[in-house]
Structures are given as C-alpha cells and as structure tokens.
Amino acid sequence: MSQIQAPIPDEALLLFFRCATTMLKELDCAVQCEDGLMSIADCRQRLLDRQLSTLSRAVYDYNEANSMQMDQAKVQQRLASLRGDDSVSRQVLTAMEEMDEAARLALVRLVLYIESNHDQQDQQQQKERGTSQSGVEAPKPNAQRSLKPKRHLEAQEHIQRSKLIEFIALNQAAINLPETLQFLNSGKWIFEDIQLKEEWTAQKMPQNRLERIQCMVARAVGYEPTHVTAELMRIFFDKKTSGNNEFSSDEQVKSMFAELIAQMNAVVASASLYITNNRLSDVSDGGVTRVVSVNFSEVGGNSGGNGDGPTSAAGASGAAPTTKRMTDAGIQSAASSSPSLASPQQQQALDDASRKQQIRLASEAVTLQKSIIDELTSMPAQERNRKLEEARKASQVFMTNAMKFAPGPERIAYMRQIDAKTQRLLAMDKIWKVHVASGTNTI
C-alpha cells in the first residue's frame, strides 16, 4: 500500500462532506439527548464529535477502496485550510458549504429539542399542581429532562455581544428548518415525540408561532425572553438609545440583525399566503374573512413612496403595512415571553402592545380590502371582468411558480421578489372571491 504525503485527493474530501452532511440531516435529537445534553456548548461538542467520527470512517473507507494509507490528522489539517486556498475546486467548496449548513440546522434543531423538553416538563408540573387533588396520573415527560436543574436566566444585565450574535444566528438557522416552516404553516409542533400545550392555536397567525421559537432561542442563550425584547428595543429601535449604545457602530451586528428581520418578514409572508390559500373554502364559519382581514396585512406591501423600495401594492390610499412597519411591529414581539414566563406587569405590557399591533394590522388590512372592493365595484362590468381575469391569471401563475420551489429559502426568496403590482393582483383575486362567497356582492 502506498503512503499518501500530499495533496489530499478531492474525492476523499467529498466523501467526508457527503457522509457528514447525511449524518447531520438524519441526526436523531431524542437519541442525542438521552445522556443529558443541556447547553448550546454541549450541542456543539456533540456535533463536533459526530463529525470527527464520520471523518474517521470516511478516511478508513477511502483507504480501503483505494489501497492507500491517508493519515486522518493530515486530512483534518487540509480541511482547516480549505477556506483560504484559492486552488480549491468549486465542487469541494460547495460540498463543504452544504455540510456547514447542515451543521447549523442540526445545532438549532438540538437546541429547540432541549428547550421543548424544558417547556414540556414545565407544563407537566403546572398540570400536576392543577390536578393533584383529582387523583388522575398524567403522563411523565421525557426521561432525560425529568431531573433538570433550575437554571438562571439573565433579566437585568445588558446582553453580551457574543450572546446577541448567537441569538441572531440561531434564529436565522431556525427559520431555515423545514420543520419550522411546517409549524408556521400548520401549527404542528416541530418534534412529534414532544407534546406541548398549543398556546399558539388561539391566534393562528404565523408571527405568533415564530415568537414561540424565538422565546426558546432566547432562553437557550441564557436570557429571559422579555429581557431580550427590551434589549433589542434599546439597541435597535428606541430613538433615545439606538444611536448611542455599545452596538451603534457595530456593522456586523447591525447587518446580521437586518438580515434576520428580512428573513422573518419573508417567512411570515410565506406562511400567511399558505394559510390564506388553504382556507379560502372555509366560508361557513367566517374563517375566510378572518384570514383575509389579518393575513393580507402581513403580506400585502413593501415600503413605498419613500425611495426605499417598491410602492405598496395597495397604493397610497389603501396601503397594506409596509415592510418597515412589519419590521417595527415584528421585532417588538420577536422574543416576547409566553404568559407563564412573564411577570404580571410585563405580561400586561406585552398584551397591550400585542392588542395594539393586531388592531393596527387589522385596520390596515380592512383599508386594503375596502380599497380593492371599491375599485372593482366602481368599474363597468366589462372592465371589472377583465381586471378580475388578470388577477386570476396572476394568482395561478404565482401559485404554479411557487410550487416549483421546495418549502424553504428558495420559495421564500421567490416570494420576496414579487413586485407591487402582482401583490395587489393576488390580493384582489382572493378578496373578491371572499366578497362574492360571503353574499355581499350586490352587483
């Protein structure tokens, strides 16, 4: 057998990347947490150990298949030097990027699984306290969390830079999880083996579901969710403090946060359209009206009239919420706590802010709805039919194109590039169908 000195063959690197990517995608969170994973650091170390084990196996398999004796330590050195080497092939770099993305998703999946177990046990304890006098024995939470120690969550000190970056990065990864998109669309929780009380079903809006995930990430990085909300307001939005704090000149943090807000808006818009299109037949109990009056407010417009981007789909007189307004409203509740985690005073403030937000969004959505109906009813019949046919075709083309992309970043990217005219046509198609189905069409 020959002794390889240099270089490490691309085929060997590709074998490792492929095997590691598959391993990370298929990682069983329940199995990984059986021995008591607790922290983000624990999760990172577990993934690193699994990747090293996969590397060892890949090197062995390559040596066996090619009658060689590659040294694993030298392969690791080569892997560490890939990013700074201009001679690395595009194929190898692409495979490495795919593995890195799989690792990011595996990390946030483990983190959310641990936090889900925390919530499951908390809910179970609350249930046991509430039913202790009935004598009914409730099912036990997952064994690996049954003896969890009480942890300290910071609620006073300013958030550390490393923790803020970690919070943003984990939320970005969480948004890219296929399970998250399914949760936002349907309300089905990410992990089938964990049963959580579905607080989010009272308001079936995707942003409420996204907040649940953000609460978990906030706790995972060591902070009370309400404190993270207050810190984000202080750092990025409060006029008195946003221009004069420790992050005011931190371009990396500001860029990452802006990217997260864009991702949040896109994924909420995607889920809102999904829910709208899947509930248009729910006319009998008022479901369609509720979806249109609220969810179109989430997806109907971009910033308009200020030079920042396309004009709002609804125009100046009937504008849907702009991207900036969606961002402002979204971040105020982006890491808000569930009722069981906030003090009464904090929860009251959050509830008041949430109610104001929902009232404003609903009001703007009603304005959009009225604007479109008034526009159509004022048209001569022939012109109205032509406009509705244009809207129907736009909706058909949109849905056909959207379905070409798998749920995830590609579909979201497609939805984000829809122009203002098409947005208004999509809204027109759905709103008019609801208008006719509701029996209010008097034309």
Side-chain angles (χ1 to χ4, degrees), residues 1-35 37 40-113 162 165-166 169-170 172-181 252 255-256 259 263 404-413:
M1 299 178 71
S2 60
Q3 177 74 35
I4 290 186
Q5 299 296 328
I8 303 298
D10 279 3
E11 292 77 9
L13 300 176
L14 290 171
L15 176 62
F16 162 65
F17 288 138
R18 284 194 297 267
C19 292
T21 300
T22 299
M23 177 274 295
L24 291 164
K25 289 181 176 180
E26 297 177 352
L27 201 69
D28 189 322
C29 292
V31 171
Q32 298 305 313
C33 292
E34 283 179 349
D35 57 354
L37 283 181
I40 296 176
D42 290 339
C43 294
R44 284 201 176 94
Q45 187 60 52
R46 177 59 52 83
L47 293 179
L48 178 59
D49 291 343
R50 292 297 307 273
Q51 285 174 292
L52 288 174
S53 176
T54 301
L55 174 62
S56 178
R57 183 66 192 181
V59 170
Y60 174 84
D61 288 347
Y62 188 87
N63 284 338
E64 287 292 301
N66 295 276
S67 300
M68 293 183 173
Q69 291 182 325
M70 282 192 304
D71 179 64
Q72 181 176 332
K74 291 184 178 180
V75 177
Q76 287 181 241
Q77 291 175 2
R78 178 56 180 152
L79 289 170
S81 69
L82 289 179
R83 294 190 187 279
D85 189 344
D86 294 336
S87 67
V88 179
S89 71
R90 182 70 255 176
Q91 186 180 16
V92 168
L93 287 177
T94 298
M96 180 173 64
E97 290 166 0
E98 290 176 354
M99 184 196 71
D100 288 345
E101 177 65 11
R104 284 188 288 269
L105 297 184
L107 175 63
V108 75
R109 192 179 283 113
L110 278 176
V111 168
L112 291 177
Y113 190 86
S162 61
I165 289 176
E166 192 167 50
L170 284 171
Q172 289 176 323
I175 287 174
N176 289 330
L177 280 177
E179 299 96 322
T180 296
L181 299 178
Q252 180 187 4
S255 176
M256 288 183 66
E259 183 179 349
Q263 287 180 279
K404 292 178 182 178
F405 301 99
E410 291 184 348
R411 183 180 293 180
I412 292 171

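Side-chain contact check for Asp28 and Gln32: no donor-acceptor pair (N or O, by modelled atom type) lies under 3.5 Å.
The side-chain hydrogen bond (donor to acceptor under 3.5 Å, both in side chains) pairs that include a residue from residues 84-96 are Asp10-Ser89, Arg78-Asp85, Asp85-Ser87, Arg90-Thr94, Arg90-Glu97, where partners are two or more places apart or lie in different chains.
For the atom pair Ser53 OG and Arg57 CZ, the distance stands at 9.5 Å (nearest 0.5 Å). A distance of 9.0 Å separates CD of Gln76 from CG of Asp71, quoted to the nearest 0.5 Å. From Leu55, atom CG reaches atom CZ of Arg50 across 13.5 Å, with rounding to the nearest 0.5 Å. Distance check: Gln51 CD to Phe16 CZ gives 5.5 Å after rounding to the nearest 0.5 Å. Rounding to the nearest 0.5 angstrom, the gap separating the CG atom in Leu79 from the CE atom in Met96 is 8.5 Å.
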Given the rule in the side chain to side chain contact (heavy atoms under 4.5 Å, CB included) test, do Leu24 and Thr54 qualify, once you have shown the distances and angles that lead to the verdict?
CA-CA 10 Å; Leu24 291 164; Thr54 301; over 6 Å; no
Determine, stepwise, if the pair Leu47 / Leu27 fulfils side chain to side chain contact (heavy atoms under 4.5 Å, CB included).
CA-CA 9 Å; Leu47 293 179; Leu27 201 69; 3.4 Å; yes
Assess whether side chain to side chain donor-acceptor pair (under 3.5 Å) is satisfied between Gln45 and Asp49, documenting all intermediate values.
CA-CA 6 Å; Gln45 187 60 52; Asp49 291 343; 2.9 Å; yes
Derivation of the side chain to side chain contact (heavy atoms under 4.5 Å, CB included) call for Gln77 and Ile8:
CA-CA 10 Å; Gln77 291 175 2; Ile8 303 298; over 6 Å; no
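Taking the side-chain contact (heavy atoms from CB on, under 4.5 Å) definition, one finds that Glu26 meets it with Thr22, sequence neighbours left out.
Contact record, Met70 with Asn63: N-OD1, 2.8 Å, taken as the closest heavy-atom pair.
Between the side chain of Ser56 and the backbone N or O of Leu52 there is no donor-acceptor pair closer than 3.5 Å. Of the possible donor and acceptor atoms, none in the side chain of Thr180 sits under 3.5 Å from a partner among the backbone N and O of Ile175.
With contacts defined as side-chain heavy-atom distances shorter than 4.5 Å, the pair Leu13/Leu82 qualifies. Side-chain contact between Phe17 and Glu98 is absent, with no heavy atoms from C-beta onward closer than 4.5 Å.
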Per-pair distances, 0.1 Å, donor-acceptor, side chain in residues 100-112, under 3.5 Å, sequence neighbours excluded:
{"residue": "Asp100", "atom": "OD2", "partner": "Arg83", "partner atom": "NH2", "Å": "2.1"}
{"residue": "Glu101", "atom": "OE1", "partner": "Arg104", "partner atom": "NE", "Å": "3.1"}
{"residue": "Glu101", "atom": "OE1", "partner": "Arg104", "partner atom": "NH2", "Å": "2.9"}
{"residue": "Arg109", "atom": "NE", "partner": "Glu179", "partner atom": "OE2", "Å": "2.8"}
{"residue": "Arg109", "atom": "NH2", "partner": "Glu179", "partner atom": "OE1", "Å": "3.4"}
{"residue": "Arg109", "atom": "NH2", "partner": "Glu179", "partner atom": "OE2", "Å": "3.3"}

